[in-house]
Amino acid sequence: MEKQNNVQKAPYSNTGFFSAKTMELLQLKMKKKIFKKDAYLFLEHDKSNELFFVIDGEVKITKSTEDGKELVLYTLHNGDLFGELGLEGETKHRFQSKTAADSVIGVIPSYDMEQIIIHNGEAALELIKWMARMNQFIHSKLRDLMLYGKNGALCSTLIRLSHSYGKIVPEGILIDKKMKNNELAEMIGTSRETINRMLNGLKKIEVVEYCGTGEIIILDMEYLKLQCRCEGCPIDICRI
């Protein structure tokens with residue numbers, strides 16, 4: 001496979017701290033696969049015997065709820081590595097993954113990952129750091145959902161969106177990505193109607209505003225941080 005040294009990584013990708021040598025080792029083991037939008041890469045409880053690298057596209061990591069809905073835990077972009085790394089044949093996926101756009105994914109078998117870890121100390125340390133970051137990412141999202149209610153979860157999600165897609169404008173921070181209310185609902189495990197009501201409430205007290213093109217402007221970031229008890233996580237953790 002050709003090297004991906006020219007992969008355009010998204011801001012704050014979870015492999016941003018990997019050395020050039022580690023990235024080269026991973027790229028040598030990747031098998032490039034093409035997936036259409038809404039294709040599942042793996043399902044919850046499937047055996048985990050591969051890791052995945054987003055070469056181009058977008059992937060959602062989701063968790064099934066008791067009523068059969070999918071809760072979006074986080075979204076992966078170019079340069080992100082994901083999957084469960086553990087004992088071969090014994091580790092199972094805790095979540096499921098689905099493409100949010102036509103995507104090109106590098107697939108790395110667990111055996112090859114083990115060989116990289118065994119024979120390359122620097123890569124092993126960086127992969128341990130990556131695993132710790134991914135656990136921190138998941139725990140921070142679950143904290144938002146469980147501790148501070150739907151309103152706190154929405155405020156946290158808006159902060160995460162501002163870090164991933166935000167642009168400074170005279171009024172505040174423009175989330176330069178059109179988000180449908182049902183997409184926001186999937187991120188915090190609620191209904192579109194509830195999102196409508198909460199966003200209208202935030203608009204009424206001048207915390208957010210809507211652009212005519214459908215984007216959201218955050219007018220009062222401090223209010224959002226207070227509502228979700230923001231702990232000041234690193235931006236590569238506090239992302240969507």
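Numbering starts at 1 and runs along the sequence shown.
Screening residues 154-166 for salt bridge (Lys or Arg N to Asp or Glu O under 4.0 Å) gives D144-R160 as the qualifying pairs, with residues at least two apart or on separate chains.
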List the atom pairs, with distances to 0.1 Å, where a side-chain N or O of residues 165-174 and a protein N or O form a donor-acceptor pair under 3.5 Å, not counting sequence neighbours.
residue : atom : partner : partner atom : Å
Y165    : OH   : H77     : NE2          : 3.2
K167    : NZ   : D176    : OD2          : 3.0

For residues 216-228, dump all side-chain donor-acceptor pairs below 3.5 Å to protein atoms at least two apart in sequence or in another chain.
residue : atom : partner : partner atom : Å
D220    : OD1  : E222    : N            : 3.4
D220    : OD1  : Y223    : N            : 3.1

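Taking CD1 of I237 as the reference point, atom CD of E231 lies at 12.0 Å (rounded to 0.5 Å). Here CD of E122 is found 10.5 Å from CZ of F18. Values are rounded to the nearest 0.5 Å. Rounding to the nearest 0.5 Å gives a distance of 5.0 Å between CG of N120 and NZ of K21. Between the CD1 atom in I159 and the OG atom in S164 there is a gap of 12.0 Å [rounded to 0.5 Å]. Q27 contributes atom CD, which lies 10.5 Å from atom OG1 of T22 (distance to the nearest 0.5 angstrom). For the atom pair M198 CE and E193 CD, the distance stands at 11.5 Å (nearest 0.5 Å).
Under a 3.5 Å cut-off, the side chain of K63 and the backbone N or O of E44 do not form any donor-acceptor pair. K29 places no side-chain N or O within 3.5 Å of a backbone atom of Y111 that could act as its donor or acceptor partner. Side chain of S48 to backbone of H93: no donor-acceptor contact under 3.5 angstrom is found. Listed for the T15 side chain is no donor-acceptor partner under 3.5 Å among the backbone atoms of D80. The backbone N or O of R192 sits nowhere less than 3.5 Å from a side-chain atom of N181 that would complete a donor-acceptor pair. The backbone N or O of A39 lies less than 3.5 Å from a partner atom in the side chain of T99, making a donor-acceptor pair. Panel note: side chain N78, backbone G57; a donor-acceptor pair is recorded below 3.5 Å. With D102 contributing its side chain and K37 its backbone, the two residues share a donor-acceptor pair below 3.5 Å. Side-chain N or O atoms of S156 include none that pairs as donor or acceptor with a backbone N or O of A153 at under 3.5 Å.
Every side-chain contact (heavy atoms from CB on, under 4.5 Å) that E70 has, sequence neighbours left out, goes to Y40, T62, Q96, K98. Applying the side-chain contact (heavy atoms from CB on, under 4.5 Å) test to A124 and every residue at least two apart in sequence or in another chain returns I117. Residues that satisfy the side-chain contact (heavy atoms from CB on, under 4.5 Å) test with L125, not counting sequence neighbours, are absent from this structure.
Hydrophobic clustering (ILVMFWY, side-chain heavy atoms < 4.5 Å, transitive): L43 and V59 are in distinct clusters. Residue I128 is not grouped with residue L81 when hydrophobic side chains (ILVMFWY) are merged at heavy-atom distances under 4.5 angstrom, including chains of intermediate members. Cluster annotation: I118 and L25 are assigned to distinct hydrophobic clusters (Ile/Leu/Val/Met/Phe/Trp/Tyr, side-chain heavy-atom contacts under 4.5 Å, transitive).
For the pair L184/T190, no side-chain contact is recorded, criterion being any heavy-atom separation below 4.5 Å from C-beta on. Contact check for T194 versus L154: no side-chain heavy atoms found under the 4.5 Å cut-off. Contact check for T75 versus R239: no side-chain heavy atoms found under the 4.5 Å cut-off. In this structure the side chain of V72 reaches within 4.5 angstrom of the side chain of M187, judged on heavy atoms. Residues E215 and K177 are not in side-chain contact: their nearest non-hydrogen atoms beyond the backbone lie 4.5 Å or more apart. Residues S97 and F52 have side chains not in contact (no heavy-atom distance under 4.5 Å, counting atoms from C-beta outward). In this structure the side chain of L26 never reaches within 4.5 angstrom of the side chain of L51, judged on heavy atoms. Using a 4.5 Å heavy-atom cutoff, the side chains of R94 and I138 are in contact.
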Does the pair L158 and V207 meet the rule for a side chain to side chain contact (heavy atoms under 4.5 Å, CB included), with working shown? CA-CA 11 Å; L158 291 173; V207 174; over 6 Å; no
Step-by-step side chain to side chain contact (heavy atoms under 4.5 Å, CB included) determination, F137 to N14: CA-CA 10 Å; F137 193 99; N14 65 22; over 6 Å; no
Between N200 and Y210, is the side chain to side chain contact (heavy atoms under 4.5 Å, CB included) condition met? List the steps. CA-CA 10 Å; N200 285 331; Y210 304 120; 4.0 Å; yes
Mind running side chain to side chain contact (heavy atoms under 4.5 Å, CB included) on I61 and F82 for me, showing each step along the way? CA-CA 9 Å; I61 301 298; F82 65 101; 3.9 Å; yes
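Around atom CD1 of I34, no more than 12 heavy atoms belonging to other residues, nucleotides or ligands sit under 6.0 Å away.
A cation-pi contact, defined as under 6.0 Å to the ring centre and within 45° of the axis, is absent between K141 and Y74.
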